Each structure stands twice: as structure tokens, then as C-alpha cells.
Enquirer: 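Please read through the structure below; I'll follow up with questions.
Index from 1, following the sequence. The structure presented is a predicted model; accordingly, all values stated were derived computationally and were not measured.
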Amino acid sequence: MPLHLLLRLTAPRRRLTEWLLLAAGMLSTAVLLAAMVWNERHAAPYADAARLREQVDAGWRGLAFASLAGWVLFWLACAVALLLAQRRRGALERLAREAEAERLDAAARIELALAGAGIGLWDWHIPSGRRNVDERACAILGHAAYGEEHEQAHAHAAADTAADGLALVHPDDRELVQERLARHLQGASHDFEAEFRMRHRSGHWVWIQSRGKVVERGADGAPVRMVGTRSDIGARKQAEADLAHLAFHDGLTNLPNRRLLMDRLGRALAKSERKGGYGAVLFIDLDGFRLLNDTLGHAAADRLLEMAAFRLQQVTRDTDTVARLGGDQFVLLLEDLGTVADSACAHAELVARKVGNALGLAYALDGRELRSTASVGVALFGAGHAGCTDLLRQADLAMADAKSAGGAAFRFFDPAMQAAVDATTSLETDLRFALARREFELWYQPVVDRMGRTTGAEALIRWRHPRNGLTGPGAFIPQAEKSGLIVGIGDWALEEACRQLAAWRADPATAGLTLAVNVSARQFRQCDFAPRLLEILDASGADPRRLKLELTETVLLADVEDAIARMASLQRHGIGFSLDDFGTGYSSLSYLQRLPLDQLKIDQSFVRDMLRTPHAASIVQAVVHLASSLGLQVVAEGVEQEAQWDRLREIGCDGFQGYLFARPMPAAEFAALRAVSH
């Protein structure tokens, strides 16, 4: 059987055919041997019979046995060789089948992966310009499978012809595709990769990511064949665009956020410095928004912010920037206000008034009308070299000044505002280190009775500032209250006062004196104030009955019930309470009769004016009579004249404090004064 016909047979039939051929060979050999034997036996019919038989037997037997042995060995060797060859061929065929199965499986997996990822394949024969594109690559652009495409490109122009069809690429992206493709074809890059837009069959643009690589080059190194992939990345590009929008815009109002505002403000400042024009930044804060948020809820407050953002866009130009910094704070960036400062200032003022009027209109929320005003701070730029952060801070300071004036107003930034803020910041920084550096001192001002005898003292804090010298409480207590440092300062004052009371207790001249200490509203409202005070008293060894805490009406009005409970718990330990500056706040008899007070202190403003104005004298007299009816002691502060003292004694006041008797003094001077008077 011809070899090419044998190879076409299946493996089992091929093996059977090979064994049949071997058997046929062996049979033909046996026939040949038989013929030889027969020939030897009948070769000499006319010879002598005995001699002939002897010769014939001797010849054919040796030849027959030798031939038979040779052929047996030969065919055994052939059989063994055939068996080994069939086994080896079977093993090779098995390996080939396994390799083919693996190849088909891998191809199937690749096909599934490409189909799942939506990746199409293309194959570009560069010299002819022929391009083979599979179904997925065609479907990305809305076409049916079209197999080969002939682009009619010359070999020398191959570097200028995109593998994905340059004619379909967006004009703005063609230069990028050409540059990337040319670099790869010239061997300057390891592979080709580009993201660009291609025209869909329906006419819109589709974002494509194409990757490819030259897989065959000619003898001269020129590229011959290039294969690659094409995928639709429109969803990814849209997600990137959405993320970029979220990164630079407010999620609620869709206005630019702080990041985008700072970028535009930086560009505006650079443009203003380059061209010499003016611009302005308006910092806007909605008045009372926190109260609206608490009463109406977050959903209604968010709708109000959305309406406020819309109104701001209505009163500004398309070239202006309306941004939301967060909460209820907005910023307007006005550019190109001219080259004259007065004109730019007038324009900014006009916009500020429009903003105030627009945001002051009623808002329709949940079937009812609400009104909200806005405080606006304005900062011009163009004349100086202020940075973005400085400019925003200036506008913020101006806005804070407008809000402190009652809101519903606008203010231009004044350098004095910055100076005040710098001074406040410096003061707060110094305050934070004052306690650690032991810069505070307690001074003591005597409190006398009707006969002028000292019955006690008030502890007054002083700050020995390293640069400014001795400073009174009016210069730093308000800032300490605002920053929260008053709690630590107040605790120190209580510790120092209790230590002083314990020292007075050991001296007969001062053992009977009381000591009044001012307690701030924030300090008194601390949840651990009462146990902390009792710990201080216990550690110092002072007599709680000699300690008097001076509270203002602001301490008590915030939560009357809580204040009464705290005062009662401390009063059970012997601690007394005095209501300081009575008459200057919103005094109410309804809570005055419920508070566990021991003393009222008449504010020095009434004492100072009581001899000059009848109204002040009437108030002092009313306070004295009220205290008498409630069984409370009365101490008049700020007594500086003998006539004031006489008049106060006439109307029944029994305690006095002021420069007429003594100024505040350090503890050593106070002890020396008591020793002399005693």
C-alpha cells in the first residue's frame, strides 16, 4: 500500500494493515523457501539415485535451515520494530491529541475572555494596507462583520495610516494616533497603545482603546504585519468624567467646590497681575441657617441651599464663578471689573446688594414661606499680591464683621480687621502657654461692712505677660471664654483661692474672712465641676463655708433647673453663692426666688451713676430692698467716693467694695494690710 494512503487511515485500521502486510511478507518468504526446496529435490532427475539423494539432501537441508533461521530472525525483528513503532506513534498521537485539546481549550477560554471583555481583534498587513477585523471589533462601531478591508495605502505611507481606520478617528485625536503608531512602527516604542474617539455607524463618537504590536518584519527591518485589539472604553471614560466632576463640584448644588474655586481664583489672580485689572471675592454666609436646619430638618435645609445657589447664579454673569465651600457658605468670584479701583469697588458693591436682596426673598418650603438673610464680605484684588488663601480669609473676615453687626449686611475688607484677628490669634497662643509658665496671679480686693471693717475679699485674676507686663482680666478673659481656655484658667483660680483660704485659716487675723471667686459659664456647666471643686477643697484643707462662688446671670439662664441642682449640691457642703453684676442682664424674679443664693452684688455702673442720675439711684435702692425681702446680703461694687458710701448705707446696703477702701493687691500685701488693721 502506498505510504500516503496508509497515513490517511485511522490509527486502528493503520495498525491492522501494518500487521497484515507483515504476515503477507512472512507468507511470501515461506512460499519462496518451499519453492527452493522443491527445486533442489527435482534438480537432477537423470543422475545416479543414491549419489543424487546424498547430494540433494546435503545441499537443500543446509540451505533450508540457514534461510529459515535468517528469515525467522528477520521477521521477528520486523515484528518487534513494528510493535515499538506503533507504540511510539500511539504515544505521539496521544500527546498530539492532548496538545490539540489544550490548544482548543485555551482558544475557547481566550475567546470567552475577549467576548466577555468586549475586545475585538484586528490584523494589519502593512505593505498592502489590508486589514482583517473580527466581529467584535466591527460591532463596537455598529458594523456587521466585514472580514478584510482594503485601505488602498502605499507601503511608504503605512506609518501615516492608523490600523483602526484613520478616517474614522476624531479630528482632535488623529495627531495622537499617528504619533503613537509612527513611534511603534519605527521601533521607538515596545508596543502601540492609544485612547481616542471613533465615529460610530450612527454618527456619534465612541471612545476606543487600541493596542497592537508588530509581529513580523522584513529582511530590511520594515514592519510587515501588525496585530492588536480594540475595546470600547466609553463607560470608563464616563465614569472618569463623573469622578472628575464630583472632585471639583459640590454634590448638592452642583456648584464648583473649594478645589475648583481655588484653581479659578489662582488663574484670576495671575490674569489680574498680568493685565492690571481688578476683581473681587464675595464671601456669603446665610444668617440663622443652623436654626433652620435644626427646626426644619436636613432635607428642607438642603432644598433651601439649592434655591440659594440658583439665586446666586441668577444675579451673576456667566463669566463669574459661584462656588459652595460647605454648609451655608458660598463664594462669588468676580473677574474683569475694570482697571479703576473705584469702579471695581462700585461694581462689587452692586453685586453684594443684589446678593443680599436675592437671598432675602421668601423661600417656599413644604407649603410655607420662610425668610433668610445673608451676611456678605467683600475683598478686592488687583492692587496687591495677596494669595488665594489670604484673599478668602480677608473676605471671610469682612463677612464675620457683617454678621457681628446683626447680619443682612455686607462689609468690605479693612486691614484693621486682619490686625484685630492677628492680635486675637497672638493672644490665644500666649494664653495657651500662660498656665504652663505660671504667669497668672490672684490679687485680692477687700470687702468691708458698714463700719469699714474687712469681712472678706474677692479674688481677681491678673496676667503677668512677658511682654505687656501686668494685664487685667478684661484684656484676656473674653478670648479665654471664646477659645475654651477659661476652664483650665478657672480651675487654677479655684485651686489658688482654696490654697489661700487654707493659709488664712491658720492666721487669727484672716481666719474669719470669706473669699469670693468668679466662675465662668463654661466652667460651671462642665459635668465634673462640682466633684472637681470638692476635690480641690479637700486637697487644700480650706473651709468650704468661707468660699463663695460668684456667678453671672448668663450662667443661670441657660439651664435654670440644672444650675439649681448643682448649686444645691455644693451648698450642702457649706459653699455660698453670690449673683454678680445683678441688674445688667435679664434679671427675673421668677428664677431669683428659686436660686439658692446668699448674696447679690450691685454692678459698679449703677453705683458710679447713682449720685448723678435718679434712674441709677432708683435701681440701686430697688435692688437693696429686693435683697432684703429675699433675705440676701447686698454688696455694692465700685465704691470710690465717700458720698457714694454714705448714700448706700442710708438705703440699707451692708457690704461694700471699691477703690475707696482698697485696690486689688497681691496676697502678701493683703495679709500685711490685715495685720495692721487687726
Side-chain angles (χ1 to χ4, degrees), residues 102-103 106-241 243-244:
E102 291 180 358
R103 186 187 67 79
R109 288 198 300 269
I110 293 174
E111 182 67 19
L112 287 174
L114 292 176
I119 298 176
L121 302 176
W122 50 264
D123 189 334
W124 183 27
H125 186 259
I126 300 174
S128 65
R130 187 180 62 222
R131 199 158 48 95
N132 293 329
V133 186
D134 69 358
E135 294 182 1
R136 287 186 300 273
C138 296
I140 290 174
L141 299 180
H143 299 283
Y146 52 87
E148 296 184 354
E149 291 180 353
H150 297 275
E151 297 188 350
Q152 304 301 326
H154 297 290
H156 67 274
D160 297 327
T161 304
D164 290 310
L166 190 60
L168 299 177
V169 177
H170 193 284
D172 296 340
D173 300 334
R174 288 177 186 172
E175 184 177 354
L176 169 68
V177 175
Q178 288 178 318
E179 187 270 334
R180 296 278 179 86
L181 187 60
R183 282 177 52 82
H184 179 59
L185 293 178
Q186 294 167 5
S189 61
H190 182 264
D191 52 19
F192 163 76
E193 181 177 352
E195 295 181 358
F196 49 90
R197 288 160 291 180
M198 295 186 72
R199 186 181 296 280
H200 193 270
R201 184 180 182 183
S202 61
H204 66 275
W205 296 102
V206 179
W207 272 103
I208 298 295
Q209 182 183 61
S210 184
R211 292 189 175 100
K213 188 173 184 179
V214 172
V215 296
E216 183 182 350
R217 292 183 179 271
D220 57 353
V224 175
R225 183 181 173 216
M226 183 175 178
V227 297
T229 62
R230 173 195 295 173
S231 59
D232 183 353
I233 58 171
R236 194 196 82 194
K237 284 292 184 178
Q238 184 61 45
E240 291 175 355
L243 288 175

Enquirer: Please round to the nearest 0.5 Å and tell me the distance separating atom CZ of Phe192 and atom CZ of Arg211.
Expert: 11.0 Å
Enquirer: Please identify which of these residues, His170, His200, Arg201, Arg199, meets the side chain to side chain contact (heavy atoms under 4.5 Å, CB included) condition with Val206.
Expert: His200
Enquirer: In Å, rounded to the nearest 0.5 Å, how long is the span from CD of Glu135 to CD1 of Ile140?
Expert: 12.5 Å
Enquirer: Would you say the side-chain atoms of Arg230 pair up with the backbone N or O of Gly120, donor to acceptor, closer than 3.5 Å?
Expert: no
Enquirer: Identify the heavy atoms of Arg180 and Glu193 that sit nearest to each other, and give their distance.
Expert: NH1-O, 2.8 Å
Enquirer: Minimum heavy-atom separation for Ser210 to Trp122, with atom names?
Expert: OG-NE1, 3.6 Å
Enquirer: Please confirm whether the backbone N or O of Asp123 pairs with a side-chain atom of Arg130, one donor and one acceptor, at under 3.5 Å?
Expert: no
Enquirer: Does any non-hydrogen side-chain atom of Leu121 lie less than 4.5 Å from one of Thr229?
Expert: yes
Enquirer: Provide the closest heavy-atom pair for Met226 versus Leu185 in the form atom of the first, atom of the second, distance.
Expert: SD-CD2, 4.1 Å
Enquirer: So does Ile119 get a backbone contact from the side chain of Arg136, meaning a donor-acceptor N/O pair under 3.5 Å?
Expert: yes
Enquirer: If every non-hydrogen atom of Pro127 is compared with every non-hydrogen atom of Pro223, which pair is closest and at what distance?
Expert: CD-O, 4.3 Å
Enquirer: Taking Asp173 for the side chain and Arg197 for the main chain, is one N or O donor matched with an acceptor at less than 3.5 Å?
Expert: yes
Enquirer: Where the side chain of Arg174 meets the backbone of Val169, is there a donor-acceptor pair that is under 3.5 Å apart?
Expert: yes
Enquirer: Which heavy atom in Lys237 sits nearest to a heavy atom in Trp207, and how many Å separate them?
Expert: CG-CG, 3.6 Å
Enquirer: Mind checking what makes side chain to side chain donor-acceptor pair (under 3.5 Å) contact with Glu175, not counting sequence neighbours?
Expert: none
Enquirer: Find the distance between CZ (Arg225) and OG (Ser128) and round it off to the nearest 0.5 Å.
Expert: 11.5 Å
Enquirer: Is it the case that more than 12 heavy atoms not belonging to His190 sit under 6.0 Å from its NE2 atom?
Expert: no
Enquirer: List the atom of Val224, the atom of Gly218, and the distance in Å for their closest heavy-atom pair.
Expert: CG2-N, 3.4 Å
Enquirer: Can you tell me how far NE2 of His204 sits from CE of Met198, rounded to the nearest 0.5 angstrom?
Expert: 12.0 Å
